[in-house]
Amino acid sequence: MLSARSLALSLLVAAPAVAQGPHFVDQSVARGVEFRHFDGAFAYAMGGGCGWLDIENDGDEDLFAAGSDSRHALFQNDGTGNFTDVIVPSGIAVSQFGSTIGVAVADYSGDGFADLFISTTGANQLYRNQGNGTFVDEALAVGMIEYGWSTSASWADFDLDGDLDLYVGNYVKGLSFPYHYGEANYLYINQGTPGAPNFVNEAVTLGVDDSGVFGPTVPGYPYIAPTGAVTAGCTLSVCTLDEDEDGDPDLMIGNDFGQWVLPNRFFRNDVDQGGGLVFTDISAATQFDQWGHYNMGILPADYDHDGDWDLYMSNLGDNLLLRRDGSLYNEVAAAAGVLEGLNEAGDKLLSSWGTSFGDLDNDGWEDLLVVNGLIPAALFITNEERAPNHILMNDQGAGTFTRVDPVQSGMADEGAGRGLAVVDLDSDGFLDYYLMNNGATGASIPSDRCRFFRNQGTLATPGASNWLELDLVGRFGNTEGLGSNLTATGGGTTWKRQVLGDPVFLSASSRMVHFGLGTVGQVDVVIDWPLGGHQELVGVPAGFRFEVIEPVVRVNSIDAPVWTGTDYLLRAHLENADTNASKLTDLSFNLHLGQNGPLALSIPLQVNLAPGEQRQVDILLPADANLHAALQGLTLDQRVYVGADQALDSRRQVVPIP
């Protein structure tokens, strides 16, 4: 629900001042989160990743930063945004059987505490949060027994059974530049019971291991393809966006060396059609596989607000912006101004890694942040040694972006950038970032370090930078609501978000859902939860962060009022989705004359719903003929709220008075 605790802790954002200094300020040292990454013997400058999580469920964000063969860091937030490294007592250790690459965060055990999956070049680690500040690696104990060079991984409930599954992307099995033999990916389906997960790798059975054969030799290069030989893609990125919004997470796979080995893949999840978990390869049908490149990330957003999902893909060379147009993706990066292909001199490529779509100025349009960083490579893909990161501001519906001067942005940071993780650390409504810089010899210089950048709010226009943040709490095992689909509407604008368990290049952002709202002061929010729960929140005010709990008691629908001749009949249809317990429910009919008009009447009731019960609740409002005649021509803004088990649901409709 919109809890009193979250409301009390929320901060209204002050109008930002005119920019005098950089828009982002490096506060790594001041906050205690400076970290140096040292690349492992077998990581080939590919790491590293980081992730935001709340270790102890105290309401603030902590931070994990992955080393490689060197020590990780686990920065614990003291509640004020200052941190202490508690990696030693946590029990999280560097793998003895491979160099660490990245991290994926989720509460896979369903106990309410965020856990860590750490990918490596050998034995992956699955650290279960024991709720007391310590973690234990139970990868082998729960069935994650495979051994390979893993990269990005994503948590999602693919089979919609209420617990989380894990897709793991794997990279190279045999080095043979540029025709590397890729390692098949894993899909771990959780077949355990609540509190006792057990994972089985079903990637091959379900046809999503990203395997295939080498195509013919690419002309124009002095390399010979092993045509027809069995391989798999060299996966660096995974995205589990519910792209068709049918209630189940789909699967997008981004492959490095796509021109040489295997291109990107898109598998539609068809579990909603019955018959068990089934994936359909729609890579060619959507043109998703048309661009064989060095994919480092797949980032979804409805950046143009046309109601469908677009994708930004980082690359060594020209980045891609795949705009969804009907049934197809069309590549529009150059036209939109987000190519990022060459350095300023135009003589070397840029290599892009972590990316983020986020409304940096809260004007209501999603902006883009791109991390660039050197990767030692062959001469024909020589890339910039000191490549700055770039902020690209959305031109408010024009379909284009404008780059902020790197010096003015404050986030230029010319290190060997890799992972990027988003957070609003101080709850001021402006998005902050943690940046991982790789420490490999040949990629970094001694001054490179991993850094926290605070958003100063100076990109924003005073009076046009409203915002809203939501933290979702799931009820049925998936405690973070991964896979939830959110739509906010207000002021004639619609915003789309999904809660994903995806790291964009090895790194896990905060689960907090952020909306920049521009001048809009309140919105209606619709949340479609992974197991079918449909929740509506009417009139949510801007300027706050709210905790939203998945409702067990729901308003399934409300009927239009009926004039009986002596009364107005109001009717709501309620459901208790809990099949094990009765629910005492606070019910309120709120009636307004005219949309957002003055409150005419509020009718509070209390009902008790048995387990699994669906009930129709009727209210009769006496009205004589004179009153009825006087109300003709007016509209009734009818809102029904139910509160039960700490959660809130509501419905709204605006209709002519009957």
Side-chain angles (χ1 to χ4, degrees), residues 39-48 68-69 98-102 119-122 147-152 169-185 209-238 253-265 289 291-297 313-320 341-343 347-353 372-385 387 416-418 438-444 505-506:
D39 206 61
F42 302 103
Y44 296 93
M46 298 303 294
S68 192
D69 290 354
S99 301
T100 298
I101 300 295
S119 61
T120 80
T121 60
Y147 192 98
W149 183 348
S150 297
T151 53
S152 287
N170 291 318
Y171 196 46
V172 175
K173 183 177 183 180
L175 292 168
S176 182
F177 181 86
Y179 293 100
H180 297 307
Y181 284 80
E183 179 80 30
N185 296 340
D209 62 338
D210 193 27
S211 60
V213 297
F214 284 104
T217 296
V218 177
Y221 298 91
Y223 308 99
I224 305 300
T227 305
V230 175
T231 185
C234 301
T235 298
L236 283 180
S237 57
V238 178
I253 301 167
N255 288 324
D256 198 1
F257 297 98
Q259 185 178 14
W260 318 93
V261 186
L262 293 180
N264 301 329
R265 309 288 290 276
D289 61 354
W291 301 274
H293 64 146
Y294 306 90
N295 186 284
M296 278 78 152
M313 296 187 177
S314 49
N315 182 35
L316 200 174
D318 292 346
N319 291 350
L320 308 179
L342 296 172
N343 63 2
D347 59 355
K348 292 181 181 179
L349 299 175
L350 290 179
S351 186
S352 299
W353 305 82
N372 296 310
L374 172 69
I375 183 72
L379 289 177
F380 75 92
I381 47 175
T382 298
N383 52 107
E384 174 61 46
E385 294 87 352
R418 296 294 186 265
N438 184 274
T441 302
S444 66
F505 198 72
L506 313 177

Value rounded to 0.5 Å, distance of [atom1] in [X] from [atom2] in [Y]:
X: I101; Y: Y44; atom1: CD1; atom2: OH; value: 11.0 Å
X: N319; Y: N295; atom1: CG; atom2: CG; value: 9.5 Å
X: D256; Y: L262; atom1: CG; atom2: CG; value: 12.0 Å
X: L350; Y: S314; atom1: CG; atom2: OG; value: 12.0 Å
X: S352; Y: L316; atom1: OG; atom2: CG; value: 8.5 Å
X: N255; Y: C234; atom1: CG; atom2: SG; value: 7.0 Å

Is there side-chain contact between [X] and [Y], with at least one heavy-atom pair below 4.5 Å?
X: H293; Y: N264; answer: yes
X: W291; Y: M313; answer: no
X: T441; Y: D39; answer: no
X: T217; Y: Y179; answer: yes
X: N383; Y: K348; answer: no
X: T382; Y: L349; answer: no
X: S351; Y: M296; answer: yes

- Using the test ring-ring contact (aromatic ring centres under 6.0 Å, His included), find all partners of Y223 that sit at least two apart in sequence or belong to another chain. F177
- Query: Do other residues, nucleotides or ligands put more than 12 heavy atoms under 6.0 Å from the CZ atom of F214?
  - Reply: yes
- Query: With respect to H180, which candidate in W260, Y171, F257 satisfies the ring-ring contact (aromatic ring centres under 6.0 Å, His included) definition?
  - Reply: F257
- Query: Does D289 have any side chain to side chain contact (heavy atoms under 4.5 Å, CB included) partners at least two apart in sequence or in another chain, and if so, which?
  - Reply: P263, S283, A284
- Query: Who pairs with K173 by side chain to side chain contact (heavy atoms under 4.5 Å, CB included), at least two apart in sequence or on another chain?
  - Reply: E183
- Item | Flag for D69-S99: side-chain donor and acceptor within less than 3.5 Å | yes
